Amino acid sequence: MEYLLKHKEESALTDKEIKDEVDTMVIAGYETSATQLMYAIILIGSHPEVQERVYNEIKDVLIDMNRDVTKDDLPKLVYLEAVLKESIRLYPVVPVIVRETEKTMKLSKYTIPAGSTVAISLYGMNRSREWGPDLNVFNPDRWLTPSMLPEHPASFAPFSLGKCGCIGKPYAMMTMKTTLVHVIRRFHLSANQEALRVQMDLLLKPASGHGVTFTRRV
Ligand code: HEM
């Protein structure tokens with residue numbers, strides 16, 4: 001906001017342009033992060049041993065569980081980061097992105113002519129055979145074991161890549177981690193991943209209602 005308003009002072013942006021930028025941030029940033037966070041909460045609530053490890057890590061990093069969470073705490077929450085990435089892998093809130101090819105592209109089995117519209121399934125990439133035999137299993141430890149990850153760095157691209165990639169990725173990761181710290185240090189979560197059904201739309205949405213129980217930790 002500060003940056004946009006500075007450009008207004010320099011007359012580089014009109015009020016309408018600033019409003020459009022803010023609308024884009026809210027539309028692209030709010031429902032994506034909120035829905036992604038919901039999947040993380042359901043998965044954590046369905047895996048008590050994962051939840052206990054996250055809780056203990058938060059305790060080790062914060063020491064005083066009543067103090068505020070700072071940006072310096074976040075990189076130390078290594079297991080929580082792995083849990084979040086594994087939630088995004090299984091339930092990427094943006095399941096498909098669309099691109100138009102500028103040049104003819106030769107793939108191993110297909111040739112895509114220039115000017116084609118191509119849908120890329122991020123959901124499919126995240127559950128491809130590259131992830132190994134447990135590709136459908138929620139296993140945050142894979143992120144702490146490089147040999148369990150696909151070799152190609154572009155195999156995991158839930159925020160897309162390159163110049164059209166998500167501008168809000170660092171902010172989204174920061175806010176989702178911070179929110180999870182606040183929730184997990186105060187509440188014990190209980191959910192049932194087995195009951196979760198999703199449907200592909202513009203965003204990956206739950207197809208049915210589901211319950212998560214929040215029990216206050218003493
Ligand atoms: C879990 C959270 C998020 C996910 C998974 C996500 C994912 C993505 C993906 C995959 C794209 C590329 C879309 C495409 O190429 O069609 C994108 C674009 C974008 N994202 Fe995010 N996003 C998230 C949060 C945010 C947040 C918090 C903001 C802003 C504060 C944001 C702002 C944007 C914008 C402005 C674009 C368009 C970039 C462009 O076209 O140049 N996103 N996001």
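In this text the structure is predicted, and so the values were computed from the model without any measurement. Atoms within each ligand, like the ligands themselves, are counted from 1 in listed order.
In the displayed structure, Arg67 atom CZ is contacted under 6.0 Å by more than 12 heavy atoms of other residues, nucleotides or ligands.
Salt-bridge check for Arg142 with Asp134: passed, with a basic side-chain N closer than 4.0 Å to an acidic carboxylate O.
Taking the side-chain contact (heavy atoms from CB on, under 4.5 Å) definition, one finds that Ile97 meets it with Val94, Arg99, Ile120, Leu122, Ser160, sequence neighbours left out. Here Tyr39 pairs with Tyr91 under the ring-ring contact (aromatic ring centres under 6.0 Å, His included) rule; sequence neighbours left out. Partners of Asn192 by side-chain contact (heavy atoms from CB on, under 4.5 Å), not counting sequence neighbours, listed by chain and number: Glu194, Ala195.
Each of Thr24, Met25, Ala28, Gly29, Thr32, Ser33, Gln36, Val93, Val94, Ile97, Arg99, Pro158, Phe159, Ser160, Cys164, Gly165, Cys166, Ile167, Gly168, Tyr171, Ala172, Met176 has a non-hydrogen atom positioned under 4.0 Å from some atom of ligand 1.
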Worksheet item: How far apart are the C-alpha atoms of Glu130 and Ser155, what are their side-chain angles, what is the distance that settles it, and do they pass the side-chain hydrogen bond (donor to acceptor under 3.5 Å, both in side chains) test?
Response: CA-CA 8 Å; Glu130 278 184 298; Ser155 298; 3.2 Å; yes

